Amino acid sequence: FPRSAGDVAVITSAAFSISESTCEYGFWYHMYGGTIGTLQVLVSVSGSSKNTSIWTLSGDQGNSWQYARAPIPASFVGSSVKISFMAVVGSSFTGDIAVDDAGFRDGCCRVAKSCGMSSTTFEAGFQGYTQDATDDLQWTRHRGSTTSFQTGPSVDHTYGNSTGYYVYLETSGVARTGRVARLISRPISSSSNVCSFTFWYHMYGATVGRLNVSAVGAGGTVQLFSLAGNQGNSWKSATLKLSSVTAAFQLEFTAVKGTSFTGDIAIDTIAFGSSCCAVSSPSCYVETATFDIGLSGYTQVKTDNTDWTRRTKSTSSSATGPSQDVTPNSPFGNGYYMYLETSSGTSGNKAQLLSPKFNKPTTPKSCHVNFWYHMYG
């Protein structure tokens with residue numbers, strides 16, 4: 001149906017975390033016609049309505065696909081962001097705008113989210129929570145009574161008996177007042193900018209120190225809860241709400257030692273609202289190298305015997321080599337590939353092609369390389 005000049009169409013990506021300042025968003029565009037309007041690429045922090053333009057182009061660009069790269073501003077490093085294409089209608093019908101094959105380059109990580117997180121009861125280990133390596137003390141996973149008299153719980157909260165587990169700070173045998181133990185959650189985000197959660201705590205003893213709960217993210221640390229002193233020999237709950245969640249964060253439970261051994265602090269049964277989302281460790285990746293635009297960041301090694309050749313359609317030799325590339329729906333009609341031409345040269349000669357530098361994998365064995373090969377003849 002007819003569009004009016006100035007009408008806007010927007011498509012938005014899934015959320016990604018930006019891990020490095022070298023992040024770029026690459027895409028193909030086609031803007032051919034006498035009344036082409038404008039194409040913009042926008043970036044926004046997940047959950048925010050504020051958009052930042054990182055690329056814009058207007059007018060007729062010819063009847064061919066063009067490739068562009070839009071650098072992501074360094075101010076977005078550490079944030080979960082979304083990319084939007086915004087097309088603005090020109091003055092008449094000869095203004096079609098198209099985009100295709102959009103993707104991130106190195107330094108951009110997809111954020112995998114699982115919303116409606118299950119409760120953490122510590123029945124199966126620490127369940128994704130980790131000890132802070134920079135603190136003074138450690139949280140201990142335990143069941144039944146703590147080892148000190150007149151302090152700590154005798155049962156867990158989840159089951160209310162001595163078979164259930166909880167985690168706590170043991171304060172006997174620790175000489176210095178004010179030493180801390182921090183327990184850190186896995187990354188958390190939100191599907192609605194708000195994350196509410198409830199946890200249970202036990203702070204019983206004449207010399208109980210302090211329990212702090214904070215949210216730590218790229219924007220800094222926000223203290224959500226702080227309580228000090230003896231709260232009685234029972235489990236109590238606290239419900240906390242984190243508003244304006246625009247990026248992934250982690251919770252820190254910090255127990256501070258009091259003046260003596262009767263200061264055990266315990267937590268249990270951490271339950272999140274349905275809008276809270278567990279964010280997995282980012283799986284960083286680089287844009288697929290299709291060789292449709294040059295060597296796609298790859299370089300020829302100068303110390304080998306010969307070079308790889310970039311080519312489209314069939315190789316120059318009969319009964320060997322591919323007849324076309326493997327990339328589907330190439331904007332060129334016939335896409336490019338790299339191959340070793342063997343009609344001349346010496347047996348045993350080598351051609352080496354070197355990739356761009358990749359980020360170090362976030363976890364062992366988390367990095368995989370997939371490629372297509374053709375060896376015929």
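The first residue of the sequence shown is numbered 1, and numbering continues consecutively from there. Since this is a predicted model, take the numbers as computed values, not measurements. Both backbone and side-chain heavy atoms feed into the values below; hydrogens, waters and symmetry mates do not.
- Counted by atom type alone, Glu170 and Thr146 present zero donor-acceptor pairs between their side chains at under 3.5 Å.
- In Tyr339, the OH atom is crowded: over 12 heavy atoms of neighbouring residues, nucleotides or ligands sit closer than 6.0 Å.
- Put simply, the side chain of Ser92 never gets that close to the backbone of Thr35: no donor and acceptor are under 3.5 Å apart.
- The shortest distance between side-chain heavy atoms of Val43 and Phe76 falls below 4.5 Å.
- In summary, the aromatic rings of Phe261 and Phe149 are positioned with their centroids too far apart to meet the 6.0 Å limit.
- Put simply, the side chain of Ile188 does not reach to within 4.5 Å of the side chain of Cys277, judged on heavy atoms.
- For the residue pair Thr12 and Ser84, a side-chain donor N or O sits within less than 3.5 Å of a side-chain acceptor on the partner.
- Aromatic ring pairs are classed by plane angle as parallel below 30°, tilted from 30° to 60° and perpendicular above 60°; the pair Phe199 and Phe225 is perpendicular.
- Between Tyr67 and Phe27, the ring center distance fails the sub-6.0 Å criterion.
- Side-chain contact check for Ser58 and Thr38: at least one donor-acceptor pair (N or O, by modelled atom type) lies under 3.5 Å.
- The aromatic rings of Tyr32 and His30 stand perpendicular to each other, their planes meeting at an angle above 60°, with 30° marking the opposite boundary.
- Residues Gln127 and Thr121 are in side-chain contact: their nearest non-hydrogen atoms beyond the backbone lie under 4.5 Å apart.
- Within the 4.5 Å cutoff, side-chain heavy atoms of Thr306 are placed close to those of Leu340.
- In this structure, Arg141 fails the cation-pi test against Phe122, since its NZ or CZ atom is not both closer than 6.0 Å to the six-membered ring centre and inside 45 degrees of the ring normal.
- Remark: aromatic rings of His142 and Tyr168 are close, center separation under 6.0 Å.
- Using modelled atom types, one finds no donor on one side chain facing an acceptor on the other under 3.5 Å when comparing Arg143 with Thr163.
- In this structure, a donor-acceptor pair under 3.5 Å is absent between the side chains of Gln223 and Thr221.
- No side-chain donor from either of Ser323 and Ser314 sits under 3.5 Å from a side-chain acceptor of the other.
- For Lys241 and Thr239, the side-chain atoms include no donor-acceptor pair closer than 3.5 Å.
- Side-chain contact check for Pro153 versus Tyr166: some heavy-atom pair is nearer than 4.5 Å.
- Taking the six-membered ring where tryptophan is involved, the planes of Tyr129 and Phe253 are tilted, since the angle between them lies from 30° to 60°.
- With a 4.5 Å cut-off on side-chain heavy atoms, Thr120 and Phe197 do not count as touching.
- Contact of the Thr140 side chain with the Leu169 side chain is not registered, since no non-hydrogen atoms from C-beta on lie closer than 4.5 Å.
- With 3.5 Å as the limit, one finds no donor-acceptor pair spanning the side chains of Gln250 and Ser185.
- A side-chain N or O of Thr207 and one of Thr262 form a donor-acceptor pair less than 3.5 Å apart.
- Annotation: side chain of Gln61 is in contact with side chain of Tyr29 (closest heavy-atom distance under 4.5 Å).
- Every residue meeting the side-chain contact (heavy atoms from CB on, under 4.5 Å) condition with Gln131, not counting sequence neighbours, appears here in chain and number order: Phe126, Gln138, Trp139, Leu183.
- Atom CZ of Arg311 is surrounded by more than 12 heavy atoms from other residues, nucleotides or ligands within 6.0 Å.
- Applying the 4.5 Å side-chain rule to ILVMFWY residues, one finds Val8, Leu42, Met86, Val88 in the same cluster as Val10.
- Of the N and O atoms on the side chains of Thr315 and Glu341, not one donor lies less than 3.5 Å from an acceptor on the other residue.
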